[in-house]
Novice: 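Got a structure here, written out as structure tokens. Questions coming.
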There are 2 protein chains.
Amino acid sequence: MPERARSAAVTAELPEQAAPPGTAGRILHAGLELFAEKGFSGTSIRDIGARAGINSATLYSHYRSKEHVLAALVLLGHQELHVRLQRALVRAQGGPGSQLAALVRAHVLAHAEYPLLALVANAEMHALGSDAAAPALALREQSWQLLLVVLDEGIRAGEFTATDPLLAAAAIVGMGRQVAHWYGPRQPYTPEQIADTFSGYALAIAGAAQHDRETT
Amino acid sequence: MPERARSAAVTAELPEQAAPPGTAGRILHAGLELFAEKGFSGTSIRDIGARAGINSATLYSHYRSKEHVLAALVLLGHQELHVRLQRALVRAQGGPGSQLAALVRAHVLAHAEYPLLALVANAEMHALGSDAAAPALALREQSWQLLLVVLDEGIRAGEFTATDPLLAAAAIVGMGRQVAHWYGPRQPYTPEQIADTFSGYALAIAGAAQHDRETT
DNA sequence: GTCTATACTAGGATAGAC
DNA sequence: GTCTATCCTAGTATAGAC
């Protein structure tokens, strides 16, 4: 599995209706591919123009700067994840076990279905100034809280035997985030398979009772 | 826990005796700090010189190029990890359970004790050409195999109930790697605490029998 | 909105004195 | 080994025509 590339993905897909139409959308796609492959600083405005099929100067009719292109992508990625997590939690019927499973499933699915977006949102956010990063950071904090509340509640209710929700959350988030780095079309799994398997791992980490793991 | 910075660490430590003495070592330290903070492409040769307390031109008396500085760091990081994993595995007395626990403990410890080195080794390798990356990639492949063999053997022996060693390994490696991003002096854990806790998580992921998890 | 042309800065790397 | 000075390329961004 080890490879040099940052991602095993090949197509740079953006969630439907999330990307603007026309040239602005093509710029976003181009930025996504290039930032994922070479990083923000390793990508020039001319690279983006060439990939999007426009002159580099045209970019400034749609975004104020290269940083604004990245900021749009980083925000979009965090929004998509947060919306999915919220929806998963609301739809989960049952106790903390099924809620945790639903959250992790959504988290992993988002990283497997949009690996480049997840990669850029996570690995390139450091290139944004603190103002540009703030909205995405706020969403990340909220997503983090969703997971933490479920873990806390499961421990309080005696359904999870884990004793340290912070470490459990860090482990669960870590294994999910890395999916963006290794999942690609050459892997013999569907995103759903990975999501379901990792949901089980998360329940194991949390120390959910065995019968819960099989019925969620 | 969410933060914009790539790492919560503050000191850029290198394993003892791994860094060369004198100016070459100061360049390596400077590169480590800057590559971790701003990425390879975001760091200029002049940045490195300033941080190391030398003129940027002096760098070329010690390294052939900026890429060679990164290559040295990436290789060093992978060597350190691989040596620790080998040592952990050899010292582990007992079956697959204690071997898995030892591997994960070593993996997590390395990422918590040298977070910046782990960060650069993992997140910046993509900036190396394939020739420069090859030695580190080979080590990574070997480290990966160590984990996979232990998981396979545990499953074969019936000690682990997990059915998919590849996904289990991906999850275990993922949660360990992320430690480099969030662990820092402001966390109320020692590296040992995290390593022990995550070892338990790995056993849970693998589906080790409960009594094994408590005795390893 | 899109292009050509261009201003201006910063970056990697080398030459040559000490 | 280290510095100063410099070459040359590539980078971000803007001006102005169409």
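Below, chains carry the letters A, B, ... as their sequence lines are ordered, and counting in each starts from 1. Quantities reported herein were computed from a predicted structural model and do not represent experimental measurements.
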Novice: As an exercise, state the distance from CG of A:Leu70 to NE2 of A:His126, rounded to the nearest 0.5 Å.
Specialist: 8.5 Å

Novice: Using a heavy-atom cut-off of 4.0 Å across all strands, would you classify B:Thr43 as base, sugar-phosphate, or nothing?
Specialist: sugar-phosphate

Novice: Got a donor-acceptor contact below 3.5 angstrom from the A:Gln193 side chain to the A:Thr190 backbone?
Specialist: yes

Novice: Round to the nearest Å and state the distance from A:Lys66 atom NZ to D:dT14 atom P.
Specialist: 14 Å

Novice: For A:Ile45 and C:dA7, what is the distance between atoms CD1 and C1' respectively, to the nearest whole Å?
Specialist: 16 Å

Novice: What is the distance, rounded to the nearest whole Å, between atom CZ of B:Arg46 and atom P of D:dA5?
Specialist: 13 Å

Novice: Mapping A:Asn55 and A:Asp47 onto DNA chain D by nearest heavy atom, which one lands closer to the 5' end?
Specialist: A:Asp47

Novice: Between B:Ile54 (CD1) and D:dT4 (P), how many Å, whole number?
Specialist: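 Interatomic distance, CD1 of B:Ile54 to P of D:dT4: 12 Å.
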
Novice: Ignoring backbone atoms, test whether B:Thr23 places a side-chain nitrogen or oxygen under 4.0 Å from the OP1 or OP2 oxygen of D:dT2.
Specialist: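 B:Thr23 to D:dT2 OP1/OP2: side-chain N or O found under 4.0 Å.
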
Novice: Do you see a donor-acceptor pair shorter than 3.5 Å between the side chains of A:His181 and A:Ser7?
Specialist: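 Their side chains do not contain a donor-acceptor pair, so the 3.5 Å distance test is not met.
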
Novice: Look at all strands and tell whether A:Ser65 reaches a base, only sugar-phosphate, or nothing, counting heavy atoms closer than 4.0 Å.
Specialist: sugar-phosphate

Novice: Measure the distance from CG on B:Leu59 to C1' on C:dA13 and round it to the nearest whole Å.
Specialist: 10 Å

Novice: Grab the OH-P distance between A:Tyr60 and C:dA5 for me, whole Å please.
Specialist: 19 Å

Novice: How would you list, by chain and number, every residue that makes a side-chain hydrogen bond (donor to acceptor under 3.5 Å, both in side chains) with A:Arg105, sequence neighbours excluded?
Specialist: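 Residues passing side-chain hydrogen bond (donor to acceptor under 3.5 Å, both in side chains) with A:Arg105: A:Asp196.
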
Novice: Just call it for A:Ser44: base, sugar-phosphate, or nothing, with non-hydrogen atoms closer than 4.0 Å on any strand.
Specialist: sugar-phosphate

Novice: Would you mind reading off the distance between B:Phe40 atom CZ and C:dG11 atom P, rounded to a whole angstrom?
Specialist: 13 Å

Novice: Of all the choices, D:dC3, D:dG1, D:dA13, which nucleotide is nearest to the side chain of B:His62 once you look at every atom?
Specialist: D:dG1

Novice: State yes or no: are the ring centers of A:His82 and A:His78 separated by less than 6.0 Å?
Specialist: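 No, ring centres 6.0 Å or more apart.
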
Novice: Tell me whether A:Tyr183 contacts the main-chain N or O of A:Tyr189 through its side chain, where contact means a donor paired with an acceptor under 3.5 Å.
Specialist: yes

Novice: What dot-bracket string describes DNA chain D from 5' to 3', counting Watson-Crick and G-U wobble pairs whose defining distances are under 3.5 Å, with [ ] for crossing pairs and | for pairs to another strand?
Specialist: ||||||||||||||||||

Novice: What nucleotide, of C:dG1, C:dT4, D:dT6, holds the atom closest to the side chain of A:Ala57?
Specialist: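 Closest of the options to the side chain of A:Ala57: C:dT4.
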
Novice: Please confirm whether the backbone N or O of B:Glu67 pairs with a side-chain atom of B:Ser65, one donor and one acceptor, at under 3.5 Å?
Specialist: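 Checked: pair present.
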
Novice: Round to the nearest Å and state the distance from B:Arg64 atom CZ to C:dG12 atom P.
Specialist: 17 Å

